Amino acid sequence: MSENTKIQMKTPLVEMDGDEMTRILWRMIKDTLLLPYVDLKTEYYDLGLENRDKTDDRVTVESAEATKKYGVAVKCATITPNAARVEEYGLKEMWKSPNGTIRAKIGGTVFRTPILVKGITPFVPAWTKPITIARHAYGDVYMNAEMRVPAGAKAELVVTKADGTEERRTIHDFETPGIIQGIHNVDKSISDFARSCFNYALDTCQDLWFATKDTISKTYDHRFKDIFQEIYDAEYREKFEDAGIEYFYTLIDDAVARVMRSEGGFIWACKNYDGDVMSDMVSTAYGSLSMMTSVLVSPEGVYEYEAAHGTVQRHYYKYLKGEKTSTNPIATILAWTGALKKRGELDALPDLVLFAETLEKATIRTVEDGVMTGDLAGMSTLPNVRRADSEEFLLAIKERLDAAL
Ligand code: NAP
Ligand code: MG
């Protein structure tokens with residue numbers, strides 16, 4: 001396509017580049033599947049570890065601020081430094097996780113969705129559609145205060161109010177030694193979580209499930225249930241009815257049983273701990289870490305798209321030795337298409353939306369035609385599987401994209 005027949009954009013995407021093998025794939029995806037077709041407008045932030053170190057990590061904060069300004073970002077996987085990385089890159093400091101920094105700035109909830117393709121069967125065969133897990137990422141056991149308690153001690157909950165008065169509850173009179181734990185959450189964070197979930201359900205036109213243990217936790221978990229219900233009734237019920245989707249609350253035990261029997265195709269909102277554990281279970285059951293997308297959605301409707309996997313370090317070291325690698329670019333491609341589609345919707349650019357959808361279909365189609373990277377080739381039940389390296393795989397997608405356009 002010539003410059004003037006390329007698909008035009010209005011508002012730039014915030015582009016957050018990253019590290020290692022995914023940084024290599026990032027470039028290849030742009031060169032092969034995006035730049036020839038789209039007059040790509042991005043505001044580029046290099047979140048590669050070297051540049052984070054050079055800028056004292058200001059680049060990460062700036063990229064998050066730009067995301068709040070423009071509304072949509074696409075992010076490459078990045079290294080979260082540990083001691084070994086400090087040594088490897090000669091870092092000034094052990095910089096914090098970029099995802100953590102971005103999440104703290106933007107707020108909101110992470111939605112993780114498996115990418116389903118024919119030939120790769122989930123371990124739960126009934127799951128023919130994706131299950132998206134939304135994990136509340138604030139408080140509970142992740143910000144607890146806990147103690148061991150000696151025999152003969154009395155443990156109490158004490159709340160000292162602003163006016164100095166106290167409210168107390170006995171936790172336990174310890175005749176023998178034991179343990180206690182104090183956890184908290186705040187209405188504001190739970191409300192933000194609820195709104196992010198309702199918005200994302202409307203966006204993706206899927207039912208929303210929410211479950212806690214409110215029969216046992218009659219104040220704490222019940223508060224989650226009530227906040228969701230109040231916000232739903234006041235702000236979302238009509239919109240859900242118009243979209244033909246459903247919100248329902250159920251006890252977590254019942255939810256687990258229903259999830260196992262379901263065919264998928266819904267969003268499962270989870271409290272912090274439930275989301276931590278259930279997302280590992282659900283993603284494993286769908287087959288592969290390389291086939292999971294992730295989007296951070298703020299209650300104000302800011303979106304940051306990425307792959308759920310990391311920088312695929314082992315493949316990168318092979319690449320550096322000059323070896324061809326068969327690293328799966330699908331989740332990164334779908335992060336781009338997710339972001340382009342959202343940008344297209346917000347800016348009323350149907351061509352951009354259509355391009356993103358066509359690229360997504362071409363990507364899935366390539367795998368379903370039997371051409372795939374090594375991670376999938378090992379799992380596919382298709383009869384004629386061809387294991388492609390990353391470059392060959394992207395070219396195979398391009399062929400199908402060209403045919404479809
Ligand atoms: P990883 O990059 O997710 O890779 C773990 C293993 O999973 C790989 O060695 C590979 O297995 C397989 N794998 C993951 N993605 C794949 C893909 N696209 N194609 C093919 N195989 C894939 O996790 P890691 O090696 O533990 O972490 C590497 C770096 O990523 C760390 O520095 C970590 O901080 C960072 N990280 C970043 C994010 C993020 O930015 N969102 C998330 C997680 C981790 P084989 O080697 O067996 O082929
Ligand atoms: Mg976990």
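Order of appearance sets the numbers: ligands from 1, and atoms from 1 within every ligand. Every value quoted in this text rests on a predicted model; they were computed, and no experiment measured them.
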Novice: Using a strict 4.0 Å cut-off to heavy atoms of A77, name the atoms of ligand 1 that fall inside it.
Specialist: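 Ligand 1 atoms under the 4.0 Å threshold to A77: 40 (O).
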Novice: Using heavy atoms and a threshold below 4.0 Å, how should the contact between H309 and ligand 1 be classified: side chain, backbone, both, or neither?
Specialist: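 Both backbone and side chain of H309 come within 4.0 Å of ligand 1.
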Novice: Would the distance check show the side chain of T170 and the main-chain N or O of H172 forming a donor-acceptor pair, the cut-off being under 3.5 Å?
Specialist: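 No: the side chain of T170 does not pair with the backbone of H172.
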Novice: Name the residue from R23, R58, K54 that meets the salt bridge (charged side-chain N to carboxylate O under 4.0 Å, His left out) definition with D46.
Specialist: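 Of the listed residues R23, R58, K54, the salt bridge (charged side-chain N to carboxylate O under 4.0 Å, His left out) partner of D46 is R23.
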Novice: Decide whether the shortest distance between a heavy atom of M21 and an atom of ligand 1 is less than 4.0 Å.
Specialist: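 It does not, in that no heavy atom of M21 comes within the 4.0 Å cut-off of ligand 1.
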Novice: Decide yes or no on salt bridge (Lys or Arg N to Asp or Glu O under 4.0 Å) for K188 and D192, but give the supporting numbers first.
Specialist: CA-CA 6 Å; K188 164 83 168 68; D192 283 356; 2.7 Å; yes
Novice: Hey, is atom 16 (C) of ligand 1 touched by any protein heavy atom at less than 4.0 Å?
Specialist: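 Within 4.0 Å of atom 16 (C) of ligand 1, protein heavy atoms are found.
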Novice: So, Y70 and E43: side-chain donor and acceptor under 3.5 Å apart, yes or no?
Specialist: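 On atom types as modelled, these side chains qualify, holding a pair under 3.5 Å.
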Novice: Considering only non-hydrogen protein atoms, determine which one is nearest to atom 11 (O) of ligand 1 and report residue, atom name and distance to 0.1 Å.
Specialist: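 Protein heavy atom at minimum distance: R314 NH2, 3.8 Å.
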Novice: With nothing but distance in play, are any N or O atoms of Q313 less than 3.5 Å from an N or O of ligand 1?
Specialist: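 Q313 vs ligand 1: no N/O contact under 3.5 Å.
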Novice: Quick one: which ligand 1 atoms are inside 4.0 Å of a heavy atom on R85?
Specialist: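 Listed by number with element: 29 (C), 31 (C), 32 (O).
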Novice: Taking F193 as the fixed residue, which of Y200, F111, Y138, F228 is the one that meets the ring-ring contact (aromatic ring centres under 6.0 Å, His included) rule?
Specialist: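 Answer after filtering Y200, F111, Y138, F228: F228.
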Novice: How does L289 reach ligand 1, by side chain, by backbone, by both or by neither, if only non-hydrogen atoms under 4.0 Å count?
Specialist: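 Contact part for L289 vs ligand 1: side chain (C-beta onward).
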Novice: Polar contacts were defined as any N/O atom of the residue lying under 3.5 Å from an N/O atom of the ligand; does this apply to S290 and ligand 1?
Specialist: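 N/O-N/O distance below 3.5 Å does not exist for this pair.
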Novice: Between the main-chain N or O of L349 and the side-chain N or O of D347, is there a donor-acceptor pair closer than 3.5 Å?
Specialist: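 Checking the backbone N and O of L349 against the side chain of D347, no donor-acceptor pair under 3.5 Å is found.
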Novice: Report the nearest protein non-hydrogen atom to atom 18 (N) of ligand 1: residue, atom name, distance rounded to 0.1 Å.
Specialist: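 Sorting protein heavy atoms by distance from atom 18 (N) of ligand 1 puts N328 O, 2.8 Å first.
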Novice: Does one side chain, of N199 or Y236, offer a donor that lies under 3.5 Å from an acceptor on the other?
Specialist: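 A pair is found: one side chain offers a donor N or O, the other an acceptor, under 3.5 Å apart.
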Novice: Do side-chain atoms of R52 reach the backbone of D57 as a donor and acceptor pair under 3.5 angstrom?
Specialist: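 Looks like no, no N/O pair under 3.5 Å.
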Novice: Say whether K75 and T78, considering side chains only, have a donor N or O and an acceptor N or O under 3.5 Å apart.
Specialist: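 Present: a donor and an acceptor within the cut-off.
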Novice: List the closest protein heavy-atom neighbour of atom 37 (C) of ligand 1: residue, atom name, distance to the nearest 0.1 Å.
Specialist: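 Ranked first by proximity to atom 37 (C) of ligand 1 is T78 O, 3.0 Å.
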Novice: Say whether, by atom type as modelled, one donor and one acceptor occur between the side chain of D207 and the main chain of E246 under 3.5 angstrom.
Specialist: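 Flag set: sc D207 to bb E246 pair under 3.5 Å.
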Novice: Within 45 degrees of the axis of the six-membered ring of F210 and under 6.0 Å from its centre: does K225 put its NZ or CZ there?
Specialist: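 Pair K225/F210 does not count as cation-pi.
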Novice: Given that the side chain starts at C-beta and the backbone is N, CA, C, O, which of these parts of N99 lies under 4.0 Å from ligand 1, counting heavy atoms, or is it both or neither?
Specialist: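 It is the side chain that touches ligand 1; the backbone stays farther off.
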Novice: At less than 4.0 angstrom from any non-hydrogen atom of K75, what atoms of ligand 1 do you find?
Specialist: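 Close to K75: 40 (O).
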Novice: Please report which non-hydrogen protein atom sits nearest to atom 34 (O) of ligand 1, along with the residue it belongs to and the distance in Å to one decimal place.
Specialist: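 Of every protein heavy atom, T80 N, 3.0 Å lies nearest to atom 34 (O) of ligand 1.
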Novice: Check the side chains of D214 and Y249 for a donor-acceptor pair under 3.5 angstrom, ignoring hydrogens and angles.
Specialist: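 Yes, D214 and Y249 have a side-chain donor paired with an acceptor closer than 3.5 Å.
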Novice: If I apply the N/O under 3.5 Å rule, does E20 come out as touching ligand 1?
Specialist: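 Between E20 and ligand 1, no N or O pair is found under 3.5 Å apart.
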Novice: Can you find an N/O atom of H315 closer than 3.5 Å to an N/O atom of ligand 1?
Specialist: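 Yes, at least one N or O pair falls under 3.5 Å.
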Novice: Looking at atom 5 (C) of ligand 1, is any protein heavy atom nearer than 4.0 Å to it?
Specialist: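 Within 4.0 Å of atom 5 (C) of ligand 1, no protein heavy atoms are found.
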Novice: Within the structure, does I79 bring an N/O atom to less than 3.5 angstrom of an N/O atom in ligand 1?
Specialist: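 In this structure, I79 places no N or O atom under 3.5 Å from an N or O of ligand 1.
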Novice: Counting non-hydrogen protein atoms only, what is the nearest one to atom 30 (O) of ligand 1? Give residue, atom name and distance.
Specialist: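 Among all protein heavy atoms, the one nearest atom 30 (O) of ligand 1 is T311 N, 3.0 Å.
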Novice: Less than 3.5 Å between some nitrogen or oxygen of T327 and one of ligand 1, yes or no?
Specialist: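 So ligand 1 has no N or O lying under 3.5 Å from an N or O of T327.
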Novice: For Q313 and T311, which I'm curious about, is there any donor-acceptor pair between the side chains at under 3.5 Å?
Specialist: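 On atom types as modelled, these side chains do not qualify, holding no pair under 3.5 Å.
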Novice: Using heavy-atom distances, let me know which of G310, A84, A307 sits nearest atom 23 (O) of ligand 1.
Specialist: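 The option holding the nearest heavy atom is G310.
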Novice: State whether a side-chain donor-acceptor pair under 3.5 Å links S326 with T373.
Specialist: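 Judged by distance alone, the side chains do not pair up.
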Novice: Below 3.5 Å, N or O to N or O, backbone or side chain included: is there any such pair between V312 and ligand 1?
Specialist: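 There is such a contact, yes.
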Novice: Which atoms from ligand 1 have a heavy atom of E306 less than 4.0 Å away?
Specialist: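 Once the distances to E306 are compared, the set is 41 (N).
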Novice: Might you check, step by step, whether the distance between atom 27 (O) of ligand 1 and some protein heavy atom is under 4.0 Å?
Specialist: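 It does not; no protein heavy atom is within 4.0 Å.
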